[in-house]
Amino acid sequence: MKRTSKTLEEILGSIPANVQAEVDLSFEISDRINALMKQHGLSKKQFADALGRRPSEITKWLSGQHNFTIATLAMLSSFFGQPIITVS
């Protein structure tokens, strides 16, 4: 029988390492923001209002698919009083 679809390992194995690292980092950032929101008891709407943003933008941030600028990450770190990311 001829195989017509790739296995998940084959598909994931074909993703370049730099792309996989970018995706992983993006999801780590969104997970960090989500954790800090929960720690501070903030809903998406409350968080958006506090930052002067739309809730839809917060939803995009939490999706793991947003390309954050350094300025936005610095603003979020200041808002929470904790780093969003650390550089070693």
Side-chain angles (χ1 to χ4, degrees):
M1 176 183 287
K2 184 178 178 182
R3 259 182 33 179
T4 57
S5 64
K6 292 183 177 182
T7 66
L8 182 58
E9 290 84 18
E10 290 172 323
I11 293 169
L12 293 176
S14 66
I15 298 172
N18 66 312
V19 172
Q20 186 61 50
E22 180 182 338
V23 169
D24 291 345
L25 184 56
S26 183
F27 278 103
E28 288 176 24
I29 291 169
S30 66
D31 289 347
R32 174 76 172 141
I33 294 168
N34 190 42
L36 288 168
M37 284 174 56
K38 286 183 180 181
Q39 182 181 0
H40 287 81
L42 296 170
S43 68
K44 287 181 195 177
K45 180 163 181 14
Q46 291 169 324
F47 186 46
D49 289 346
L51 297 175
R53 306 291 174 114
R54 302 174 111 174
S56 61
E57 186 172 1
I58 304 306
T59 298
K60 185 177 179 183
W61 290 357
L62 298 176
S63 74
Q65 299 176 354
H66 183 72
N67 189 11
F68 288 96
T69 64
I70 292 173
T72 300
L73 292 171
M75 180 268 301
L76 291 171
S77 293
S78 293
F79 176 82
F80 286 117
Q82 298 180 42
I84 300 298
I85 61 171
T86 56
V87 179
S88 54

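Index from 1, following the sequence. Side-chain atoms are counted along with the backbone in the values below, which use heavy atoms only and exclude waters and symmetry mates.
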Output the rest of the hydrophobic cluster of Leu51: all Ile, Leu, Val, Met, Phe, Trp and Tyr residues reachable through side-chain heavy-atom contacts under 4.5 Å, sorted by chain and number. Leu25, Ile29, Ile33, Leu36, Met37, Leu42, Phe47, Ile58, Trp61, Leu62, Phe68, Leu73, Met75, Leu76, Phe79, Phe80, Ile84, Ile85
Kindly compute the distance separating CG (Asn67) from NZ (Lys60), expressed to the nearest 0.5 Å. 9.0 Å
Arg32 CZ to Thr86 OG1 distance, which is reported to the nearest 0.5 Å: 8.5 Å
Below 4.5 Å, heavy atoms only, C-beta onward: do Gln82 and His40 meet side chain to side chain? yes
Quick one: closest heavy-atom pair of [X] and [Y], and the distance?
{"X": "Gln46", "Y": "Gly41", "result": "OE1-O, 3.4 Å"}
{"X": "Pro83", "Y": "Ser77", "result": "CA-OG, 3.6 Å"}
{"X": "Ala48", "Y": "Pro55", "result": "CB-N, 3.6 Å"}

Could you tell me whether the side chains of Thr72 and Thr69 share a donor-acceptor contact shorter than 3.5 Å? yes
Above 12 or not: heavy atoms from other molecules or residues under 6.0 Å from CG of Asn18? yes
